[in-house]
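Taking it in order: structure first as structure tokens, then the write-up.
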Amino acid sequence: MLKPNYIQWTLLLFATTFLSCGTVQVYREAGKPVFYSNDNHRQPNGLADSLNVVTFNIKKSEKIQLAAAELQDLEKTKNVDVYLLQEMDEKGVQEIARKLGLNYLYIPIVYDKPGDKNIGNAILTRGTIHQPEKLILPHSKWLSKRPRHVTIGEISIHQKKILVYSVHTETVVMSRKNRMEQIDAILQHAKMQSSRYQYILIGGDFNTLFSKDSKLAVDKFSGSGFYWSSASAGSTASAFFGLIKPTHDYVFSSGLKPVHAFKIETSRS
């Protein structure tokens with residue numbers, strides 16, 4: 001006999017998957033669509049001994065003005081060099097880039113029909129962006145066939161070239177095995193680039209709801225020579241009415257040693 005909580009969990013997963021069917025158009029072509037701009041010419045001056053990075057999932061770009069205001073408040077105390085944004089549309093990316101005076105690279109993976117907007121990952125930076133690339137991750141949702149992806153770009157900043165990945169992997173509606181294979185695909189790509197880049201930065205929303213998911217993800221990155229740069233930030237999400245405090249968001253780095261990490265507890269976007 002199934003326990004009640006297991007039944008509820010099964011129904012929840014079924015409803016989530018069923019409702020997603022037929023609601024998205026997938027962009028499978030490697031080279032498009034791609035949105036990016038290097039119009040900001042106010043580059044940081046010279047060398048710097050640190051790199052400030054923020055990762056932020058702005059759910060379906062629904063609260064862009066609020067998110068932009070929160071990031072502007074952050075900029076008053078921190079000069080952020082790189083932003084990794086998930087669940088974005090191009091209008092939201094362009095608005096935040098305009099308000100913060102940043103260059104951007106945005107690559108959507110799907111067009112969301114109910115929301116009438118693209119959804120994807122973005123990189124915003126004070127540096128310049130080159131070599132835009134979309135890495136489509138293995139496996140897709142069962143009914144909708146919606147894949148996940150990574151937006152990748154080479155950033156030139158502080159007289160350094162850094163290969164940057166903005167990541168959004170699948171939720172627990174997919175098996176743990178398949179989600180870990182998405183991480184493997186990211187690491188395989190990074191390994192192939194490691195001879196060209198001394199500095200690699202990988203961050204975003206990994207949807208590691210359970211502690212075992214988190215441990216497996218961190219072990220995979222550390223086993224491939226990456227620092228868990230955001231480790232001291234702790235949990236970054238809340239689930240099941242606050243009963244679970246998972247770590248969904250990560251920053252991993254190679255060639256860059258972590259100094260300090262924190263989270264903004266008061267974000268409403």
Side-chain angles (χ1 to χ4, degrees), residues 35-59 61 63-88 90 92-107 120-130 132 150-168 199-206 227-234 236 247-269:
F35 305 83
Y36 79 108
S37 170
N38 282 317
D39 290 343
N40 172 45
H41 301 294
R42 296 181 300 161
Q43 301 298 312
N45 294 322
L47 294 168
D49 60 0
S50 65
L51 187 77
N52 292 324
V53 181
V54 168
T55 181
F56 194 2
N57 184 325
I58 305 173
K59 185 180 178 181
S61 288
K63 297 180 179 179
I64 287 299
Q65 296 302 324
L66 177 58
E70 291 177 347
L71 294 178
Q72 284 178 308
D73 286 341
L74 177 63
E75 287 277 351
K76 293 174 183 177
T77 58
K78 299 285 183 182
N79 290 321
V80 179
D81 297 295
V82 179
Y83 290 92
L84 308 175
L85 305 183
Q86 300 85 45
E87 295 202 39
M88 299 298 297
E90 58 270 28
V93 172
Q94 291 163 357
E95 178 69 4
I96 292 176
R98 182 184 66 81
K99 288 192 171 183
L100 273 61
L102 303 171
N103 295 318
Y104 65 84
L105 167 63
Y106 168 64
I107 305 179
N121 307 331
I123 300 169
L124 284 71
T125 180
R126 297 180 183 278
T128 55
I129 307 172
H130 306 281
V150 184
T151 293
I152 304 171
E154 175 193 287
I155 290 180
S156 295
I157 190 169
H158 301 312
Q159 299 183 23
K160 297 179 177 67
K161 287 186 177 181
I162 306 171
L163 188 63
V164 178
Y165 296 63
S166 182
V167 177
H168 195 191
Y199 308 105
I200 299 178
L201 185 70
I202 302 175
D205 183 351
F206 286 76
Y227 291 102
W228 180 12
S229 300
S230 59
S232 61
T236 60
T247 299
H248 278 183
D249 308 281
Y250 300 80
V251 175
F252 299 101
S253 62
S254 175
L256 301 161
K257 292 187 178 181
V259 176
H260 177 61
F262 66 95
K263 58 190 173 186
I264 300 174
E265 301 274 8
T266 55
S267 174
R268 294 178 289 119
S269 53

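The first residue of the sequence shown is numbered 1, and numbering continues consecutively from there. Predicted model, so just to flag it, every value in this text is computed and none were measured.
Between the S232 side chain and the A261 main chain, a donor and an acceptor come within less than 3.5 Å of each other. Judged purely by atom type and a 3.5 angstrom limit, T236 uses its side chain to pair as donor or acceptor with the backbone of H248. No donor-acceptor pair under 3.5 Å is formed between the side chain of T151 and the backbone N or O of S166. One N or O on the side chain of S61 and one on the backbone of E87 form a donor-acceptor pair closer than 3.5 Å. Under a 3.5 Å cut-off, the side chain of S253 and the backbone N or O of L201 do not form any donor-acceptor pair. For D81 (side chain) and N52 (main-chain N/O), a donor-acceptor pair under 3.5 Å exists by modelled atom type. In this structure, the side chain of N103 engages the main chain of G127 through a donor-acceptor pair within 3.5 Å.
Between L100 and R126, the closest side-chain pair of non-hydrogen atoms is not below 4.5 Å. Annotation: side chain of L102 is in contact with side chain of Y83 (closest heavy-atom distance under 4.5 Å). At a threshold of 4.5 Å between non-hydrogen side-chain atoms, the residues F56 and L71 count as touching. Residues V82 and L124 fail the side-chain proximity criterion, which asks for heavy atoms closer than 4.5 Å. Between I58 and I96, some side-chain heavy-atom pair lies under the 4.5 Å cut-off.
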Report task. I would like to know whether I152 and L163 meet side-chain contact (heavy atoms from CB on, under 4.5 Å); could you show each step before the answer? Result -> CA-CA 7 Å; I152 304 171; L163 188 63; 3.8 Å; yes
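Note: F206 and F252 have perpendicular aromatic rings, judged against thresholds of 30 and 60 degrees for the angle between ring planes.
Under the 4.0 Å criterion applied to side-chain N and carboxylate O atoms, E75 and K99 are not assigned as salt-bridge partners.
For the side chain to side chain contact (heavy atoms under 4.5 Å, CB included) with L84, the qualifying choice from D249, I123, V54 is I123, the only one to do so. Each of I64, N121, N57, I107 was evaluated against M88; a single residue qualifies, I64, per the side chain to side chain contact (heavy atoms under 4.5 Å, CB included) test.
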